[in-house]
Amino acid sequence: MTEKLCHIDDIADPGARGFELVRNGQEFLMFLVKRDNQVYGYRNKCPHAGVNLEWREDDFLDMQNAWIQCSVHGALFVIETGECAGGPCNGKGLQTLDIHIDDEGNIYLDAE
């Protein structure tokens with residue numbers, strides 16, 4: 001089962017967009033990041049503090065749009081991989097999610 005999230009044009013480049021889904025009766029927070037017309041999906045949960053990453057709605061990137069940044073302690077994560085690049089995350093990374101984009105540009109979250 002897949003779940004349609006949005007269209008690729010709904011996300012700025014570079015930019016991000018968060019989603020609140022319900023999966024198996026539980027709230028599931030995730031976000032997409034787009035850079036150079038590539039899209040990456042991650043669980044919206046800091047591996048260090050367990051909190052949501054965004055500063056405000058859909059604001060997951062640092063000031064230069066070069067890194068995903070945790071709003072609580074400033075940890076930086078590589079956009080393309082979710083790996084921690086600096087801060088108190090001590091080598092931990094974001095949980096990646098399987099997504100795909102169809103021929104019309106619609107982005108889907110694949111079933112886990």
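If you're wondering where the values come from, they're calculated on a predicted model, not measured in any experiment. Count residues from 1 along the sequence.
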Mind listing the closest non-hydrogen atom pair of [X] and [Y] along with its distance?
| X | Y | value |
| --- | --- | --- |
| Ala75 | Pro88 | CB-CD, 4.2 Å |
| Ile99 | Gly41 | CD1-N, 3.9 Å |
| Asn52 | Ser71 | O-OG, 3.9 Å |
| Val51 | Val72 | CG2-CG2, 3.2 Å |
| Ala85 | Val78 | CB-CG2, 4.2 Å |

Where at least one partner belongs to residues 50-78, residue pairs that pass salt bridge (charged side-chain N to carboxylate O under 4.0 Å, His left out), sequence neighbours excluded: Arg56-Asp59

Selection residues 64-74 - residue pairs positive for salt bridge (charged side-chain N to carboxylate O under 4.0 Å, His left out), sequence neighbours left out: none

Return yes if some donor-acceptor pair links the side-chain N/O of [X] with the main-chain N/O of [Y] below 3.5 Å, else return no.
| X | Y | result |
| --- | --- | --- |
| Lys34 | Ile8 | yes |
| His7 | Glu104 | yes |
| Asn44 | Leu53 | yes |

Can you tell me how far [atom2] of [Y] sits from [atom1] of [X], rounded to the nearest 0.5 angstrom?
| X | Y | atom1 | atom2 | answer |
| --- | --- | --- | --- | --- |
| Lys92 | Cys46 | NZ | SG | 8.5 Å |
| Leu61 | Phe77 | CG | CZ | 12.5 Å |
| Leu76 | Ile68 | CG | CD1 | 10.0 Å |
| Cys6 | Phe19 | SG | CZ | 4.0 Å |
| Trp55 | Cys70 | CH2 | SG | 7.5 Å |
| Leu97 | Tyr40 | CG | OH | 14.5 Å |

Do you reckon [X] sits in the same ILVMFWY cluster as [Y], going by side-chain contacts under 4.5 Å, direct or chained?
| X | Y | value |
| --- | --- | --- |
| Leu32 | Ile79 | no |
| Ile101 | Met30 | yes |
| Tyr42 | Ile107 | no |

Sub-4.5 Å side-chain heavy-atom contact between Leu21 and Glu3: yes

Within-4.5 Å side-chain heavy-atom neighbours: His73 and His48: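 Of all side-chain heavy-atom pairs linking His48 with His73, at least one is under 4.5 Å.
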
Full working for side-chain contact (heavy atoms from CB on, under 4.5 Å) between Val39 and Val33: CA-CA 6 Å; Val39 181; Val33 181; over 6 Å; no

Results of salt bridge (Lys or Arg N to Asp or Glu O under 4.0 Å) for Glu80 - residues two or more places apart only: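 If we apply the salt bridge (Lys or Arg N to Asp or Glu O under 4.0 Å) test to Glu80, skipping adjacent residues, the hits are Arg35.
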
Sequence-distant partners of Asp102, salt bridge (Lys or Arg N to Asp or Glu O under 4.0 Å), two or more places apart: none

Within residues 9-20 or reaching into it, pairs that qualify as side chain to side chain donor-acceptor pair (under 3.5 Å) - sequence neighbours excluded: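 Applying side chain to side chain donor-acceptor pair (under 3.5 Å) to every pair that reaches into residues 9-20, excluding sequence neighbours, yields nothing.
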
His100: ring-ring contact (aromatic ring centres under 6.0 Å, His included) partners, not counting sequence neighbours: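 ring-ring contact (aromatic ring centres under 6.0 Å, His included) check on His100 returns Tyr108.
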
